[in-house]
Amino acid sequence: MRKDGEARVEDLSTQLRVSAVTIRSDLNYLEQQGYVVRAFGKARYNPALQNTAMQLPELDAVGRGAGEAQVAAAALRWIDDGASVFLSTGSIAHRLLPQLVSKQGLSLTLHDLAMVATARQFLQSEIHVTGGLQGNDEPGLLGPAAELGVLSHPLDLCVLAVDGIDTRGRVLARHAGAARLYSAAVRHAGKAIALAFSPAFTSTEGHPICNLGDLDGFAVNHDLEPAVFDLLSEHELQVERKANGLIEFTRV
């Protein structure tokens, strides 16, 4: 659909050798995630992902979903075929999973059981689940067992969906246990990148994962505090690309 603009359910069913019922179920999911717009008997690729820079200060659920999917897509250029990748939890990381269908031979390490289910639905990748404890206020598995699970496999890349940046130049998670897990993943991986959609810029909220200087790349929508640009520059992350409301930074 991204290539041709739209696709018919019957054609997808024939091409992918699954039932039309399965195709409709998958299209419903992709519509909920903001990738496609459904029509009778077919679906169109969401034009917001190709042609629209999100300029409104407040987005509805579909607009935010499209924006998050766009940010997620920026991670694809960091992920090579055959790579071993850790993905944090969060809606942006979740929206990245279906886009990984273009990659071959991936080994994914996940700590969110809902993301495990999505990965199994869309991908043929090797999947490692960290283990750990399920908390009440964090969707992912946490604790020492989860951290051991991250360290038990080599990681080429750590992909973090972050909630904010503090005034000291650290990327933040909402949950302290998640921040500890992600910090271990950053240290263990060969490279680390962060993805964010309208991240909070704060001095008091959130739990630090790592410094901006520990990242090799950072992708964010256009809604970014001017002071954050200064922090990114101080940590040797400079703008590499601006397009369709997305800003991508990479280490100098």
Side-chain angles (χ1 to χ4, degrees), residues 2 33-35 45-80 85-100 102-103 157-174 182 185-186 189 191-203 205-206 208-252:
R2 182 164 50 203
Q33 297 296 307
Y35 294 110
Y45 191 68
N46 191 339
L49 299 182
Q50 292 180 325
N51 303 319
T52 304
M54 309 291 179
Q55 297 297 334
L56 298 178
E58 295 184 5
L59 300 174
D60 59 18
V62 174
R64 183 178 180 90
E68 289 184 345
Q70 195 174 33
V71 172
L76 292 175
R77 70 184 185 90
W78 293 90
I79 302 174
D80 297 324
V85 183
F86 171 80
L87 291 182
S88 75
T89 190
S91 58
I92 296 176
H94 207 145
R95 294 178 195 281
L96 173 60
L97 283 173
Q99 302 186 56
L100 295 178
S102 63
K103 304 295 181 178
L157 180 68
C158 172
V159 180
L160 302 173
V162 303
D163 299 304
I165 300 169
D166 70 12
T167 54
R168 296 172 59 182
R170 301 178 297 184
V171 293
L172 306 174
R174 289 193 181 94
Y182 300 159
V186 170
K191 292 184 178 181
I193 63 171
L195 310 172
F197 187 88
S198 300
F201 182 52
T202 178
S203 60
E205 299 179 3
I209 300 168
C210 64
N211 293 320
L212 288 169
D214 297 320
L215 300 174
D216 296 278
F218 184 73
V220 63
N221 63 314
H222 67 88
D223 187 15
L224 195 62
E225 293 274 356
V228 177
F229 279 95
D230 295 335
L231 284 171
L232 288 160
S233 179
E234 289 173 14
H235 288 86
E236 299 184 340
L237 289 166
Q238 293 188 359
V239 175
E240 181 180 32
R241 189 180 314 171
K242 287 185 179 181
N244 298 323
L246 185 70
I247 310 173
E248 297 180 58
F249 298 81
T250 192
R251 177 156 301 288
V252 178

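- Taking CD from E205 and CG from L172, the interatomic distance works out to 9.5 Å, rounded to the nearest 0.5 Å.
- Taking CD1 of I193 as the reference point, atom CH2 of W78 lies at 6.5 Å (rounded to 0.5 Å).
- To the nearest 0.5 angstrom, I165 atom CD1 is 11.5 Å from T202 atom OG1.
- In this structure, K103 places its NZ atom where more than 12 heavy-atom neighbours from other residues, nucleotides or ligands lie under 6.0 Å away.
- Not counting sequence neighbours, the partners of T167 by the side chain to side chain contact (heavy atoms under 4.5 Å, CB included) test are F201, S203.
- Between A75 and L195, the shortest heavy-atom contact is CB-CD1, 4.1 Å.
- Taking CZ from R168 and CG from L231, the interatomic distance works out to 12.0 Å, rounded to the nearest 0.5 Å.
- Between L100 and V85, the closest side-chain pair of non-hydrogen atoms is not below 4.5 Å.
- Under the rule for a side chain to side chain contact (heavy atoms under 4.5 Å, CB included), the partners of Q238 that lie at least two apart in sequence or sit in another chain are V252.
- With a 6.0 Å radius and a threshold of 12 heavy atoms from other residues, nucleotides or ligands, R251 has its CZ atom above the threshold.
- Annotation: the span from L215 atom CG to F249 atom CZ amounts to 11.5 Å, rounded to 0.5 Å.
- When every heavy atom of A192 is checked against every heavy atom of L157, the shortest pair comes out as N-CD1, 4.2 Å.
- Not a single donor-acceptor pair under 3.5 Å links the side chain of N221 to the backbone N or O of G245.
- The nearest pair of heavy atoms linking V220 to P199 is CG2-CD, 3.6 Å.
- Across every non-hydrogen atom of E248 and L246, the tightest pair is OE2-CD2, 3.9 Å.
- Put simply, the residue from N211, I209, L212 that forms a side chain to side chain contact (heavy atoms under 4.5 Å, CB included) with R170 is N211.
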Please step through side-chain contact (heavy atoms from CB on, under 4.5 Å) for the pair V71 and L96, ending with a clear verdict. CA-CA 9 Å; V71 172; L96 173 60; over 6 Å; no
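- Rounding to the nearest 0.5 Å gives a distance of 9.5 Å between CD1 of I247 and CZ of F218.
- Residues L87 and V159 approach most closely at CD2-CB, 3.5 Å, considering heavy atoms.
- Every side chain to side chain contact (heavy atoms under 4.5 Å, CB included) that A161 has, sequence neighbours left out, goes to S88, I92, A93.
- Heavy-atom contacts from other residues, nucleotides or ligands closer than 6.0 Å to CD of E240 number more than 12.
- Of all the heavy atoms in Q99 and A72, the pair that sits closest is NE2-CB, 3.8 Å.
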The test is side-chain contact (heavy atoms from CB on, under 4.5 Å); show your working for V186 and F86 and say whether it passes. CA-CA 9 Å; V186 170; F86 171 80; over 6 Å; no
